[in-house]
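Throughout, a chain's letter reflects where its sequence line sits, starting with A, and its residues are numbered from 1.
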Amino acid sequence: MKELPDNYYYLNFCEMVRFVHDSYSHLLNDRELAFWNIFRELPYNSKLLYVRMLTRKGELFRLSKLNYSEIEKISETYHFLADCGFVSYDLRHYSLNEVLHLFTKNEWILLLQKKKCCTKELKKLKRSELDSFIITLFKDHDWRELIQEPILKILNQDILNTFQILYFGNSIQSLTDFVLRDIGISTFESYDMNSLHCLFNDRFSLDQTLKFYKIRDQFLESSSLSSKELLSYLNKLNDLSGLPKHILPKVNKCKYSISRELERIKDFDNAILGYGLAEGISRERLVRTLDKNKQAEKGLSLCEEIIQDPLNIEELEFAIFFKNKLAKKLSLPTLSAEVFKPLQTTINIHKNEEFSVELASAAYFDTLGNCYYVENSLFAPMFTLFFWDFIFCDVPGAFTNPFQYRPHDFYEHDFWAKRNVQLNIDWFKAYVHNNLNKFWYNWTTKKNTLAPFIYWPVLTKELLDQVFLNISHTKLAHIFLHLAKDMRGNKSGFPDLIFFPNKGGVKLFEVKGPGDSLQKNQKRWLSFFEGIELNAEVVNVRWC
DNA sequence: GAACTTTTGG
DNA sequence: TTCACACATTCTT
DNA sequence: GAATGTGTGTCTCCAAAAGTTCTT
Ligand SMILES: [Mn+2]
Ligand SMILES: [Mn+2]
């Protein structure tokens, strides 16, 4: 773990804001521009204190809780911040409710002694009960006289939020990502960002995006909403316009979640309405809800529409299956589809609460050879290691900050086309065959670097050696091509175990304990492995 | 004061 | 924010 | 037994400090 300078948080903040200021100055409004221009001129201590406050939870802080060894002359420091509009400290602007959590139970009880409250009685109360007691106590008079120290309110928190969204391109990452990188916990690939690209074209699209995040956060925090409330969320989302391309999927996902909630509370009409607004991503739920709402004909024709132009294999398989189901319901002719039946074996092992079924099975097979519990952490990561240079190459718009574990367009349909990779088996065969050195070079030099699909602890040399020894380049090429064709859809569903028996060869096992059954994506991979003649079967575990 | 959760900071 | 599993309920045969 | 829906565990970095709850 590396040592950080004692003003690390300040340096990180400046690095981020300076980047945003330099590359997005044309998007920033007067308030945001002033924020940075005034901040830069603040005394050093005030800048430190402000950023320290930014990294903490909430917006109110007791001065006594802001003691940092590197920040001196705290009183002077916060007054300067207040004069420049970065904090305020007027108690009259706070409600009792906001201030409650700033003091511990014991502190409140001490303060209330002056109000001749019975200490023993109060100590018996739970925190939440004490809170409501205090609220009622001060219903008619002022609580502020009790407070003897300044309470600071941080201002302009929303600006940091805006800057983070501009810098990272999402609302998940934050200044802590700098720290995690700098102390060596997460290593990011050092890709080029020469073809610099703006995630937002104009102020309007940025504002709409900020609005979207606000609506989504509000929805995610809420619970057991009524039909009316859910609809109002849906309408708010629908009123947004001019959103940048990379935000649209998030909006659709949010519309989907809201509609799913409408479906759960059995407001099928509005759920159907909402699924329709989510542009494609929710056609399966739309069909199911139409069926629940006694609109089987409409569901059936939507199934046909999906079959004509499916979004992915999952959707296609669903449409075929459900079309049949609805046809039966409507007494229409049906097609009997061929069902894939994977090979099955049964093993009896002792139940041990300590280990999962997968680990217990792996231990069982390990006595007959070498067995590893790899699930999705073998083939997809190998794929990433082979194609590393394509994944991290500098395509315009792919990388906009140093904290990405994958390019922005990773899951887009034209991802490989943009990188001049033909999704063609001969090309893949040749590529795998000719790039083993590259694979091992990446495995060695990129170790512990964050990358799509990769979970490093599983990827040991011992395991990979056996994979290359027992699985031909041709078969690997087939697997990689399948992955490349639909990375989102095919990154999961791989069998639990890979087994190298003592007598030689390789087998993939999907472990199923009692009461568990194959999932759709697991079936698809098993059937794919059958197609390329790679041994894969289901292991049913019986406890004994 | 043990056992637990939440917050903090590098 | 993910995937796979466990478990409950309902449908289908 | 299949299909469907819901909830859970394990991850997201980790250790120390602060705060709460409940037991002895
Ligand atoms: Mn599994
Ligand atoms: Mn399994």
Side-chain angles (χ1 to χ4, degrees), chain A residues 1-12 48 51-58 61-62 64-70 100-109 123-131 170-187 216 220 250 253 257 260-261 263-266 284-285 287-289 291-292 317-318 321-322 324-325 328-329 339 356-359 373-377 380 405 411 448 450 452-453 455-458 488-497 510-523 525 541:
Chain A
M1 204 167 272
K2 284 170 222 162
E3 285 275 307
L4 299 184
D6 69 352
N7 63 346
Y8 71 92
Y9 52 94
Y10 166 75
L11 298 176
N12 295 340
L48 291 184
V51 181
R52 279 290 195 190
M53 290 170 79
L54 271 179
T55 63
R56 285 180 50 171
K57 215 186 162 184
F61 304 94
R62 286 159 63 185
S64 64
K65 295 286 173 183
L66 294 172
N67 41 8
Y68 295 99
S69 58
E70 77 278 14
L100 274 175
H101 75 279
L102 296 180
F103 297 86
T104 69
K105 249 179 88 172
N106 285 336
E107 285 172 328
W108 274 117
I109 290 168
K123 280 194 169 166
K124 282 182 197 160
L125 296 178
K126 283 190 183 173
R127 175 75 218 219
S128 55
E129 293 165 340
L130 181 69
D131 287 350
N170 61 56
S171 66
I172 300 161
Q173 290 179 283
S174 66
L175 286 168
T176 54
D177 285 69
F178 283 81
V179 180
L180 295 183
R181 176 195 61 180
D182 294 340
I183 62 179
I185 285 174
S186 35
T187 311
R216 190 185 65 171
L220 292 175
K250 297 176 202 272
K253 215 169 161 189
S257 304
R260 191 76 183 78
E261 207 48 46
E263 187 192 340
R264 260 190 275 271
I265 62 171
K266 298 201 161 33
E284 171 177 341
R285 291 268 31 117
V287 171
R288 288 187 187 279
T289 311
D291 178 37
K292 286 186 191 175
E317 284 180 354
F318 163 77
F321 161 79
F322 215 82
N324 243 332
K325 184 173 165 173
K328 227 174 268 175
K329 209 170 196 173
V339 200
S356 62
V357 220
E358 293 88 356
L359 284 173
Y373 178 22
V374 295
E375 219 161 51
N376 301 325
S377 306
Y405 72 96
Y411 287 122
N448 295 326
L450 293 169
F453 310 138
Y455 179 63
W456 286 100
V458 174
R488 200 191 280 285
N490 294 333
K491 68 182 169 182
S492 60
F494 288 95
D496 293 314
L497 310 180
E510 172 50 47
V511 177
K512 287 296 162 201
D516 187 14
S517 52
L518 283 176
Q519 297 175 23
K520 287 182 183 176
N521 54 356
Q522 296 175 331
K523 264 187 202 166
W525 269 115
V541 174

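Across all strands, Glu129(A) comes closer than 4.0 Å to no nucleic acid atom at all (heavy-atom distances). Asp182(A) comes within contact range of no nucleotide atom at all, as no heavy-atom separation falls under 4.0 Å. Asp496(A) comes within 4.0 angstrom of sugar-phosphate atoms only, judged by non-hydrogen atoms across all strands, and of no base. Within 4.0 Å of Lys325(A), counting heavy atoms only, lie sugar-phosphate atoms of the nucleic acid but no base atom. At the heavy-atom level, Leu4(A) lies under 4.0 Å from the strands shown only through sugar-phosphate atoms. Contact annotation for Gln519(A): base contact, defined as any heavy-atom pair under 4.0 Å involving a base atom. Using a 4.0 Å heavy-atom criterion, one finds that Phe321(A) contacts the sugar-phosphate atoms exclusively. Heavy atoms of Lys253(A) sit under 4.0 angstrom from primed sugar atoms or phosphate atoms, though from no base atom. Gly513(A) comes within 4.0 angstrom of nothing in the nucleic acid, heavy atoms only. Nucleic acid contact class of Glu107(A) (heavy atoms, under 4.0 Å, all strands): none. The residue Arg52(A) sits close only to the backbone: its heavy atoms come under 4.0 Å of sugar-phosphate atoms, none of a base. Counting any heavy atom pair closer than 4.0 Å across all strands shown, Tyr405(A) reaches no nucleic acid atom. At the heavy-atom level, Lys520(A) lies nowhere under 4.0 Å from the strands shown. Nucleic acid contact for Tyr68(A): sugar-phosphate only, since backbone atoms but no base atoms lie under 4.0 Å from a heavy atom of the residue.
Look at Asn106(A) and you won't find any side-chain N or O under 4.0 angstrom from OP1 or OP2 of dG19(D). Between Lys491(A) and dC3(C) there is a side-chain polar atom (N or O) within less than 4.0 angstrom of OP1 or OP2. The side chain of Lys124(A) contributes no N or O atom lying less than 4.0 Å from OP1 or OP2 of dT21(D). Checking the phosphate oxygens (OP1, OP2) of dC3(C), no side-chain nitrogen or oxygen of Gln522(A) falls inside 4.0 Å. For Lys65(A), a side-chain nitrogen or oxygen approaches OP1 or OP2 of dG19(D) to under 4.0 Å. In this model, the phosphate group of dC3(C) is not approached by any side-chain N or O of Arg488(A) to a distance below 4.0 Å at OP1 or OP2.
Atom NZ of Lys328(A) is separated from atom C1' of dA2(D) by 11 Å (rounded to the nearest Å). In this structure, OH of Tyr373(A) is placed 8 Å from C1' of dA4(C), rounded to the nearest angstrom. Rounded to whole Å, atom P of dG10(B) lies 13 Å from atom CG of Leu175(A). Distance, Leu48(A) CG to dG9(B) P: 13 Å, rounded to whole Å. Going from atom OH of Tyr8(A) over to atom C1' of dG10(B) covers 5 Å, rounded to whole Å. Note: NZ (Lys266(A)) to C1' (dT10(C)) measures 12 Å, nearest angstrom. With rounding to whole Å, Trp456(A) atom CH2 is found 19 Å from dC11(D) atom C1'. As a whole-Å value, the separation of Asn67(A) CG from dA17(D) P is 14 Å.
Among the nucleotides dA6(C), dC3(C), dG10(B), the one closest to any side-chain atom of Asp516(A) is dA6(C). Looking at the side chain of Ser492(A), the nearest of the listed nucleotides dG5(D), dC3(C), dT20(D) is dC3(C). For Arg285(A), counting side-chain heavy atoms from C-beta on, the closest listed nucleotide (dT8(B), dT20(D), dG5(D)) is dG5(D). Closest to the side chain of Tyr455(A), out of dA3(D), dT12(D), dC5(C), is dT12(D). Of the listed nucleotides (dT7(B), dC22(D), dG5(D)), dC22(D) has the atom at the smallest distance from the side chain of Lys126(A). Distances from the side chain of Arg264(A) to the nucleotides dC5(C), dG19(D), dT6(D) place dT6(D) closest. Nearest nucleotide to the Lys105(A) side chain, out of dT21(D), dG5(D), dC5(C): dT21(D). Side-chain proximity of Val179(A) to the nucleotides dC22(D), dG10(B), dC5(C) is greatest for dG10(B).
Between Glu263(A) and Arg285(A) there is a salt bridge, with a side-chain nitrogen of the basic residue lying less than 4.0 Å from a carboxylate oxygen of the acidic one. Between Glu107(A) and Arg62(A) there is a salt bridge, since a side-chain N of the basic residue sits under 4.0 Å from a carboxylate O of the acidic one.
With C1' as the reference atom, dT4(D) and dG9(B) are 46 Å apart, rounded to whole Å. dC11(D) sits 24 Å from dA3(B) when the P atoms are compared, rounded to a whole Å.
Nearest heavy-atom pair, Glu510(A) versus Phe494(A), reported as atom, atom and distance to 0.1 Å: OE1-O, 3.9 Å.
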* Does the side-chain contact (heavy atoms from CB on, under 4.5 Å) test come out yes or no for Val541(A) and Lys512(A), once each step is laid out? -> CA-CA 6 Å; Val541(A) 174; Lys512(A) 287 296 162 201; over 6 Å; no

* Starting from the C-alpha separation in whole Å, work towards a yes-or-no answer on side-chain contact (heavy atoms from CB on, under 4.5 Å) for Arg127(A) and Asp131(A). => CA-CA 6 Å; Arg127(A) 175 75 218 219; Asp131(A) 287 350; 3.2 Å; yes

* To do: Let me see the working for Asp291(A) and Phe322(A) under side-chain contact (heavy atoms from CB on, under 4.5 Å), right down to the final yes or no.
  => CA-CA 10 Å; Asp291(A) 178 37; Phe322(A) 215 82; 3.8 Å; yes

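Remark: dT10(D) base-pairs with no nucleotide; criterion is Watson-Crick or G-U wobble with both hydrogen-bond distances under 3.5 Å.
Side-chain contact of Asn376(A) with Ser492(A): a donor-acceptor pair under 3.5 Å is absent, judged by distance alone. For the residue pair Arg216(A)/Ser171(A), the side-chain donor-acceptor check at 3.5 Å is satisfied.
Along DNA chain C, the nucleotide nearest Lys329(A) and the nucleotide nearest Asn521(A) are compared for position; the residue whose nucleotide lies closer to the 5' end is Asn521(A).
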